[in-house]
Amino acid sequence: MTPIAYADFHARSLAERDSFWAEQARRIDWQTPPQQICDVSRPPFARWFVGGTTNLCHNAVDRHAAARPDERALLWVSTEVGQQRVYSFGQLQGEVEAFAAMLVEQDVGAGDRVLIYMPMIPEAAFAMLACARIGAIHSVVFGGFASSSLASRIDDASPKLVVSADAGSRAGKVLPYKPLLDEAIALSTHKPSAVLMVDRGLAPFQRVPGRDLDYAELRRRHDGARVPCAWLESNTPSYTLYTSGTTGKPKGVQRDVGGYAVALATSMDWIFGGKPGETFFSTSDIGWVVGHSYIVYGPLIHGMATLMYEGTPVNPDASVLWSLVEKYRVTVMFSAPTAVRVLKKHDAALLKQHDLSSLRALFLAGEPLDEPTARWIAEGLSVPVIDNYWQTETGWPLLTVAHHIPGVQAVPTRLGSPGVPMYGYDVQLLDEQTGAVLTAPDQKGVLAIAHPLPPGALQTVWGDDARFANTYWHSVPGREVYSTFDWATRDADGYTFILGRTDDVINVAGHRLGTREIEECISGHAAIAEVAVVGVADALKGQVAIAFAVLRDPALASPALEGAVMKHVDAQLGAVARPARVLFVTVLPKTRSGKLLRRALQAVAEGRDPGDLTTLDDPGALAQVKTLLQK
Ligand code: PRX
C-alpha cells in the first residue's frame, strides 16, 4: 500500500477525532473501558476517555513487571556522586509499592497532594509513581528553585506531605535542599503535616521532630509491602506542575490520568520511534515537563528503560553524554539546544570517541534550535536531529516531524522550523488584533489551538478554572481558542517557525521563567525602588535575563550592590532565575501614562531599533540604558 500524505493523516485525526483516539486508547490497559472518547460539552474544557478507569503506575510499571520482570526499567547515573543503579521492572515495582505504603501510612490518599522537591535521584521517580499508584496528586518543584518560589507552590498545592532530600549536587558543588525547604515551610501559610527526607549523606541537616520522617528507616519497614493500584476515572487529576506566565503567580498546570497515558504512549511510538526493551535517555530534569513526560512516564509506559542522569553535559568531560549512550546502548535521546551549544564549544572529536551505533535519533526541544547548532550535531552524530516544539501545558509535542507512523509518509525536517502540527492538534495562526485565521504564507501571528486540546494536554489551572479559561482561551479578540503565547509564521509547505513569546515569559537555557516573578523578587530588596527585567538574546543560553533597576538612593550604585541583588534572587527564587546583569539606572523607559516599555528596553539591550518612541515620557531613559550597555 502506498503511504498516505502526512497532511491527510493529520486532517483525519481531527475529522474523525473520536475513532482516531479510541484506536490509540488501546495502547494502554483499562480496568473499565471508556464510555465516551471526548466530552466537549463544556468548552474550553475537554474530558478524554470519560468513564474509563486506569492507572498511570499500572501502565508504566506493573504491566511490564508482570510480563518481563527482569528487564531494565530505570537506570540511574550520577557523575556528581560517582554512583549508578539499575532497577528492573520487577524491582521498580517493589520500590514504588514500598513508597506507596509509606504514603498510605501517613494517611495520604486519593486526591491528596504530595509536593516533591528533589534532586535527580531514583527516589524522586519512585515518589511520582507511588503517588500515581494511589491516586495522590504530585507536584514536583524544580530543585533549582529556592524558598520563596517553593513557598508559593506549597501554598497553592497545599500538600499533605513533602518529599525531599538533604542535597543535590551540580558540577561537583553540593547544593543543600533542606534549609531552603524549612525556610519555605516557615514562609508558607499552609503547613504540610509530614516531610519525608531522603538522606544521601551529602549535607547534614536538622530534623523537625514530629514532622520529618527518615526514608531509609521507613523503606526498611515497608520492604515487600503490597499496595494495589487505585483504578481512577480517566479525568482524575494525576499531577500539577507549576509554570510561569504573565503575572508573578505561577500557574499549576493540571493533567489527567487516561488522556496523558494515551498521548504519551502514542508519542513514544509515532514521534520518538522508541521500542519496548530499548533505552531512552532524556537529559532534562524531573522538575520540568520534559522530565515528567519523557524521563518518567513516557518511556516506562512504552516499556522502555529510562536513563535518569544527575550531572552536567561537561563533567567529568564533554563526552560524558556520549559515554552514557555507548554504555547503556541508548536508542533515542532527548535534550535541549543549550546543552548542544555547550558541547559545541568543546572538541568535536569527543563525539567520535564513543560507539554511538545504538543511537537512532536525537530530539531537541524547549527553545529555538538555531541552524549552526542543528547542523553541527547532526553531522557529528550522523543520525537525524529532530526539533520539537511544545509546552508544559500541552505535555507532548505540538509541532515536529513524526517519522514513525505506519502507512504515513515521513515529513522531512526543515532547518529553523520544529515542523508541522502533530495529529490531534488543530493548530491555527491568528491575527493578534482581529483574531482572523492567517492562511497566506509567511504572515506573523499568534500560534493557537482550536478546542478541544488533544489528550495529554492540561485540563485546567489547579484550583482556578476561571484563570484557565481567561488566560489561555480568551486572549485573542472574538475567539475562544487556546493561545500558546508564541509568535509564529508558517511557510508555503506548512512548516511553522517560532519567533518568540507574546507575553513576558523568557527562555533561559530552555528554562521557562516569568520576568514578572523576577521583578517582584528584586523589588523586595531594600535598596531597590523600581525594576524592569527583560530577556536578551544570548549566544549560548538563547536568552538571559537583564534587570534594569532604579535605586532608592542612586549614590549607592556599585558592583557590590549588583552582587547583593543577584544573591537576593538566588536565595528567594533560586539561581536559575538570577539575572545575568543588574544595571542601575535613574529612570525606566515609560509612556506618559506610566506604562513600562519593556519591548523598547529589550530592543536596545539587543542592539536593535526600539521602534516608535513617540509615547516615551523621558527620551533620556533609553539613552542611559544604551550607555550602560556599552560599558
Ligand atoms: O516559547 C516556546 C518555547 O518554550 C515554551 C514552553 O516552555 P515549557 O513550558 O518549559 O515547555 C517546554 C517543553 C519542551 C514555548 O511556549 N519552546 C519550546 N520548544 C521550542 C520552543 N521554542 C522554539 N522551538 C522549540 N522547539
Side-chain angles (χ1 to χ4, degrees), residues 140-142 144-145 240-246 250-255 263-264 267 271-272 282-295 297-298 334-341 362-371 373-374 377 385-402 413-422 425 427 446-449 453 456-458 461 471-472 475 482-490 495-515 517 535 537 541-543 576-577:
V140 183
V141 176
F142 177 57
F145 285 126
T240 64
L241 179 59
Y242 288 89
T243 193
S244 305
T246 298
K251 297 183 285 256
V253 165
Q254 177 185 316
R255 232 180 293 284
L264 291 183
S267 70
I271 298 177
F272 296 101
S282 163
T283 65
S284 183
D285 187 285
I286 48 141
W288 305 109
V289 70
V290 180
H292 283 64
S293 292
Y294 298 113
I295 294 177
Y297 290 113
F334 192 130
S335 194
T338 295
V340 179
R341 285 194 293 265
L362 170 67
F363 289 83
L364 296 172
E367 53 179 319
L369 174 60
D370 55 288
E371 297 194 17
T373 303
I377 192 69
V385 170
I386 300 179
D387 191 356
N388 57 115
Y389 161 95
W390 46 295
Q391 309 183 299
T392 305
E393 289 84 346
T394 68
W396 60 282
L398 142 64
L399 300 170
T400 185
V401 286
T413 56
R414 184 163 291 182
L415 283 174
S417 163
V420 298
M422 281 301 96
Y425 285 101
V427 176
V446 178
L447 192 68
I449 312 169
L453 296 178
L458 82 166
V461 171
T471 309
Y472 291 108
S475 76
Y482 171 89
S483 173
T484 63
F485 296 101
D486 278 302
W487 295 113
T489 60
R490 190 158 45 203
Y495 286 88
T496 301
F497 293 77
I498 304 294
L499 306 174
R501 297 280 303 194
T502 66
D503 58 6
D504 295 319
V505 165
I506 61 170
N507 195 320
V508 180
H511 296 162
R512 173 166 162 186
L513 301 170
T515 51
E517 270 171 281
K541 297 184 175 179
Q543 276 188 311
V576 64

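Whatever order the structure lists ligands and atoms in, that order sets their numbers, starting from 1.
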For Val289, run the side-chain contact (heavy atoms from CB on, under 4.5 Å) check against Val140, Thr392, Val253 and tell me which one passes. Thr392
side-chain hydrogen bond (donor to acceptor under 3.5 Å, both in side chains) test vs Thr338 passes for just one of Lys541, His511, Glu367, namely Glu367
Using 30° and 60° as the class boundaries, would you call the ring planes of Tyr472 and Tyr482 parallel, tilted or perpendicular? parallel
Protein residues that have a heavy atom under 4.0 Å from any atom of ligand 1, sorted by chain and number: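 Contacts of ligand 1 under 4.0 Å: Val289, Val290, Ala365, Gly366, Glu367, Pro368, Asp387, Asn388, Tyr389, Trp390, Gln391, Thr392, Asp486, Ile498, Arg501, Asn507, Arg512.
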Going by heavy atoms in the side chains, are Phe363 and Val385 under 4.5 Å from each other? no
Output field: ring centroids Tyr242/Phe145 closer than 6.0 Å: no
Over all atoms of both residues, closest heavy-atom pair of Ser244 and Val505: O-CG2, 3.7 Å
